Amino acid sequence: MCGIVGYLGKREAFPILIKGLRRLEYRGYDSAGVALINEAGGLNVYKTKGKVDNLVEYTSDKDKTGTIGIAHTRWATHGEPSAVNAHPHYSQSHNLAIIHNGIIENYADLKGKLIEKGVEFKSDTDTEVVVQLVEYIMNKKQLDLLTAVQVALYQVIGAYAIAIIDKRDPLQIIAARKQSPLVVGIGDGEFFLGSDASPIIEYTDKVVYLEDGNIAVLRLDKNRSENSGMELKVVSILGEEQELTVKKVDIDLGQIEKGGYPHFMLKEIFEQPECLTNCMRGRINVEADHVTLSALIDYRRQLLSAKRVLIVACGTSWHAGLIGKQLIESFCRIPVEVEYASEFRYRNPVVTKDDVVIAISQSGETADTLAAIQLAKERGAFIYGICNAIGSSIPRATDTGTYIHVGPEIGVASTKAFTGQVTVLTMFALALAEAKGTMARDEYIKVVKGLSEVPELIREVLKSNEKVADLARTFTYAHNFLYLGRGFSYPVALEGALKLKEISYIHAEGYPAAEMKHGPIALIDSDMPVVVIATHNTMYEKVLSNIQEIKARKGRVIALVTKGDDKIAKIADEVIELPDVQECLEPLVATVPLQLLSYYVAVCKGKDVDQPRNLAKSVTVE
Ligand code: F6R
């Protein structure tokens with residue numbers, strides 16, 4: 001949540017910062033701002049409500065010069081979205097400016113104390129308290145900026161990634177992190193700063209991921225020529241110097257651009273065949289009928305001895321977890337529980353050293369999932385992560401894990417990450433089942449082969465794009481949708497409903513089809529579209545009866561059926577055909593038309609598909 005960008009170097013900072021904000025806009029987009037120190041030593045802060053475009057327009061006639069600057073795109077927590085509450089925030093003297101991602105929990109207390117000392121606040125944010133506190137400490141104790149930041153952060157409770165500049169020292173940015181990500185990019189005579197690497201990769205592939213509790217000093221010395229006069233120092237809050245590890249980022253620019261698609265979401269839906277191929281590369285060997293996950297080789301003992309698996313995740317990742325439960329239970333015969341990380345962390349759950357906890361997260365930064373990991377770790381469980389964002393906090397907090405390798409996901413509504421997570425969960429269940437000997441060999445081979453064919457099947461499903469777009473137009477009138485599925489299709493129904501509500505703002509609910517008669521059936525009338533996953537599997541006849549029940553009440557049925565099914569075609573209002581696929585692999589193909597359906601409904605309604613209201617891609621607050 002909230003995107004942070006910084007630049008210190010020899011070029012004009014403003015264009016670099018704006019480009020960076022656009023790349024990070026998925027993290028929040030209710031207001032944006034920039035702070036620049038110009039040649040004359042003036043610190044200019046410009047900020048506006050709304051998206052980065054508004055900021056660009058607002059600054060068109062302003063002084064945007066300066067080779068040092070910080071910029072921010074906000075997802076509001078404390079204080080409504082407005083220009084005043086947008087970041088950067090000045091300190092009282094206007095010497096300092098700060099940007100922040102996270103939540104300062106004791107801000108009210110600190111603010112009260114500073115007000116008593118005569119400090120005047122301009123905004124309702126928790127962030128402003130940090131810059132005012134830093135300045136107060138600098139003045140009162142006659143400290144330099146770094147030491148004042150250390151002293152201030154020692155008093156701060158909460159989560160933060162911050163960057164501060166001081167107009168009296170235009171060759172330095174101070175940045176710090178605790179529970180919110182921050183990456184420093186090292187160029188030739190220039191530094192970059194980002195909430196993730198996406199605003200940096202265009203300029204350099206050398207990065208340092210800051211660790212929790214660290215403060216980075218980015219400094220240029222224009223009189224020094226060696227290493228282009230650059231100095232990067234990382235210290236702890238207590239001032240102890242920390243070791244630096246410079247890593248190489250391996251993201252190519254094309255992956256974070258739209259590549260001709262009108263929206264990132266559509267691009268990411270269409271990328272799925274390629275993404276899943278990448279996800280399985282080197283892990284599935286069809287000739288040898290084998291799945292290899294390095295985590296299962298390196299940590300065989302810990303994973304094989306699990307008496308129970310606990311899956312923790314949020315949102316779409318939680319839906320993937322529900323599918324993982326069915327896969328692991330049926331292939332490996334181990335009990336699996338799936339928990340919302342946000343509930344798990346606060347309810348004193350029973351976790352023991354015999355448990356393996358699987359944490360699933362696209363961003364690798366979700367605060368609730370991280371906290372759930374922490375709790376499970378304290379109780380002795382072994383933690384296995386399934387993440388997408390390389391080097392993010394969750395993979396670093398786990399004992400081992402598997403990256404889904406689907407490339408950066410920019411659209412706020414998760415699509416390719418979901419199918420990537422389900423693919424990894426399938427491989428995990430297969431590899432564990434083989435190691436435990438809980439799956440018949442022919443069944444194992446059949447699923448391995450079936451999984452390797454999924455990218456091709458998704459390509460086939462994507463051919464229904466036009467049809468789904470037409471169908472979406474027919475249903476944009478609806479205020480409610482019901483999604484039904486059974487077994488492996490139940491989490492798909494949940495995921496379809498979540499996709500629709502988050503980008504088109506239509507109320508939608510996912511239900512196990514058989515539960516309909518226990519309540520939701522009362523909602524059905526001629527205005528109610530019901531999406532039913534009714535493919536040819538073990539539940540087929542039962543789901544067919546559910547469809548009859550809906551039709552008897554004049555509901556409008558959109559059925560996902562197996563190619564060639566003419567029984568359901570006769571009674572449903574609309575059908576979308578899916579290729580024939582094994583039941584356990586069905587979520588991977590059945591989810592795709594539901595992603596397209598939500599996409600086209602949102603487009604027809606004129607909604608902002610990639611950046612739906614109130615949401616952010618990376619939920620780093622509780
Ligand atoms: C829905 C969506 C969210 C995320 C959830 C967890 O489309 O994207 O529900 O799935 O916020 O995020 P991660 O997977 O990053 O932990």
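Counting starts at 1 for both ligands and their atoms, following the listed order. Just so it is clear, the structure is predicted and the values come from calculations on it, not from any experiment.
- Under a 4.0 Å heavy-atom criterion, Asn388 is not in contact with ligand 1.
- Here the protein heavy atom with the shortest distance to atom 11 (O) of ligand 1 is Val619 CG2, 3.9 Å.
- For ligand 1, the polar-atom distance check against Gln421 finds no nitrogen or oxygen pair separated by under 3.5 Å.
- Neither side chain, Thr415 nor Gln272, offers a donor N or O lying under 3.5 Å from an acceptor on the other.
- Of all atoms in ligand 1, numbered sequentially from 1 with element shown, those under 4.0 Å from a heavy atom of Glu502 are 1 (C), 7 (O).
- Protein heavy atom closest to atom 2 (C) of ligand 1, with residue, atom name and distance, is Thr316 OG1, 3.8 Å.
- If you check the side chains of Gln362 and Thr316, you find no donor sitting under 3.5 Å from an acceptor.
- Taking only nitrogen or oxygen atoms, main chain and side chain alike, Thr366 reaches within less than 3.5 Å of ligand 1.
- Near Gly315, the atoms of ligand 1 lying under 4.0 angstrom from a non-hydrogen atom of the residue are 9 (O), 10 (O).
- If you number the atoms of ligand 1 from 1 as listed, the ones under 4.0 Å from a heavy atom of Ser414 come out as 7 (O), 8 (O).
- Looking at every heavy atom in both residues, Gly33 comes nearest to Leu21 through O-CD1, 4.1 Å.
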When the side chains of residues 367-374 are checked against the rest of the protein, which donor-acceptor pairs come out under 3.5 Å, sequence neighbours left out?
residue: Asp368; atom: OD1; partner: Arg345; partner atom: NH1; Å: 2.6

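- Scanning the protein heavy atoms around atom 15 (O) of ligand 1, the nearest turns out to be Ser363 OG, 2.6 Å.
- Distances below 4.0 Å separate heavy atoms of Lys499 from the following atoms of ligand 1: 1 (C), 7 (O).
- For ligand 1, the atoms lying closer than 4.0 Å to a non-hydrogen atom of Ser361 are 13 (P), 14 (O), 15 (O), 16 (O).
- Protein heavy atom in closest approach to atom 6 (C) of ligand 1: Cys314 O, 3.3 Å.
- A salt bridge links Asp470 with Arg473: at least one charged nitrogen is closer than 4.0 Å to a carboxylate oxygen.
- Between the side chain of Glu329 and the main chain of Val336, a donor-acceptor pair closer than 3.5 Å is present.
- For Ile503 against Pro612, the heavy-atom pair with the smallest separation is CG2-CG, 3.9 Å.
- Interface atoms of ligand 1 facing Ala413, defined by a heavy-atom separation under 4.0 Å, are 7 (O).
- Ring geometry for Phe428 against Tyr384 counts as tilted: the plane angle lies between 30° and 60°, on a 0 to 90° scale.
- Using cut-offs of 30° and 60° on the angle between ring planes, the pair Tyr599 and His263 is perpendicular.
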